Amino acid sequence: MNLPILVAAIVFWLFAWAFNEWLVRQRFQSEIANRVAHFAVPVLFGITLLVLWEGIVRGFAVPSVLLPAPSMIWQRLINSLPTLMADFRQTFLKAVLTGYALGCGLGFVVAILIDRSPFLQKGLLPLGNFVSALPVIGVAPIMVMWFGFDWQSKVAVVVIMTFFPMLVNTIAGLAASSHMERDLMRTYAASWWQTLIKLRLPAAWPFIFNALKINSTLALIGAIVAEFFGTPIVGMGFRISTEVGRMNVDMVWAEIAVAAVAGSAFYGVVALIERAVTFWHPSIRGGGA
């Protein structure tokens, strides 16, 4: 046991926790200072967790096979940037983004068709419920057999995972406008398409973006899990499963870190677009996320 490192990490954690508690309670006169404080709190909290993690691993001499230190993971990440970038390109840029766009787009279009047709509402919606219940670990091997070992089979898995959340949320959003608002559109002799574009779709945007944010994480999870069941010699899921077998746990954590940063950035981009599109919504005007 390395007691000085462990004690130093705990002391840093206590001081950082106290400073964070003080910072959260502060209300500065400058709006810029408030924004900086709002941003600094989660950053400091994350740094505190990393320091505590480092101190516990080094202080108790935890084997790197069980839990590598953050410094060891960072070193592996820096030294393996070409490999990590190739995995990121294969999994995220090809499989995740393509499957996300196709799954969300298909779910949106089908929701419009279901809203337009009572027959589809009674026949296709139960089928969508069935598709949503399919486990990814059962679907992935079948998609690999159908579409091959490359990124196309991972796209198919992502489409299945993202289709139903978009379908359900869009249908709920299209029903969000009140009867009085629809009656008003009818008094203006608005057609179904005019009512859809000018009233019902704007009312449905918060629901649609809710599905887009949910799918931004589901897509990445689905693509990585699908790569466990067959992939070329590149990809985040392939690298994780391979390096675990080789006991290179630091490389596994480096891949997890890249996936976490990519997923968080993707979610953040969708949230920023939501704020720009639904600026009129009370949650946005009130400062909500």
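Remember, it's a predicted structure, so these values are computed and weren't measured experimentally.
- Checked against side chain to side chain contact (heavy atoms under 4.5 Å, CB included), Ile10 has the following partners two or more places apart in sequence or in another chain: Leu6, Leu14, Leu52.
- Residue Ile208 is tested with Glu274, Lys213, Met166 for a side chain to side chain contact (heavy atoms under 4.5 Å, CB included); the sole match is Met166.
- For the side-chain hydrogen bond (donor to acceptor under 3.5 Å, both in side chains) test, no residue two or more places apart in sequence or in another chain qualifies with Arg27.
- Note on residues 90-109: pairs passing side chain to side chain donor-acceptor pair (under 3.5 Å), not counting sequence neighbours, are Gln90-Asp150, Thr91-Glu227.
- In this structure, Phe12 belongs to a hydrophobic cluster whose other members, linked by side-chain heavy atoms under 4.5 Å apart, are Phe39, Val43, Ile47, Val51.
- Under the rule for a side-chain hydrogen bond (donor to acceptor under 3.5 Å, both in side chains), Asn215 has no partner lying at least two apart in sequence or in another chain.
- In this structure Phe207 satisfies the ring-ring contact (aromatic ring centres under 6.0 Å, His included) test with no other residue, sequence neighbours excluded.
- Val234 belongs to no hydrophobic cluster, as no Ile, Leu, Val, Met, Phe, Trp or Tyr side chain comes under 4.5 Å of its own.
- For Phe15, the CZ atom is loosely surrounded, since the number of other residues' heavy atoms within 6.0 Å does not exceed 12.
- Atom CG of Leu97 and atom CG of Leu102 lie 11.0 Å apart (nearest 0.5 Å).
- Scanning for salt bridge (charged side-chain N to carboxylate O under 4.0 Å, His left out) contacts around Asp115 gives Arg200, with sequence neighbours left out.
- No more than 12 heavy atoms of other residues, nucleotides or ligands lie within 6.0 Å of CD1 in Ile233, so this atom counts as exposed by the packing criterion.
- Here Trp17 pairs with Trp13 under the ring-ring contact (aromatic ring centres under 6.0 Å, His included) rule; sequence neighbours left out.
- Ring geometry for Phe92 versus Phe88: interplanar angle under 30°, hence parallel rather than tilted (30 to 60°).
- Applying the ring-ring contact (aromatic ring centres under 6.0 Å, His included) rule to Phe19 yields the partners Trp22; only residues at least two apart in sequence or on another chain are considered.
- Put simply, the side chain of Arg25 gets close to the backbone of Glu21: a donor and an acceptor are under 3.5 Å apart.
- Looking at residues two or more places apart in sequence or on another chain, you find a side chain to side chain contact (heavy atoms under 4.5 Å, CB included) between Val7 and Leu3, Val11.
- Chaining together hydrophobic side chains whose heavy atoms lie under 4.5 Å apart places Phe149 alongside Val144.
- Side-chain atoms of Ser80 do not come within 3.5 Å of backbone N or O of Leu77 as any donor-acceptor pair.
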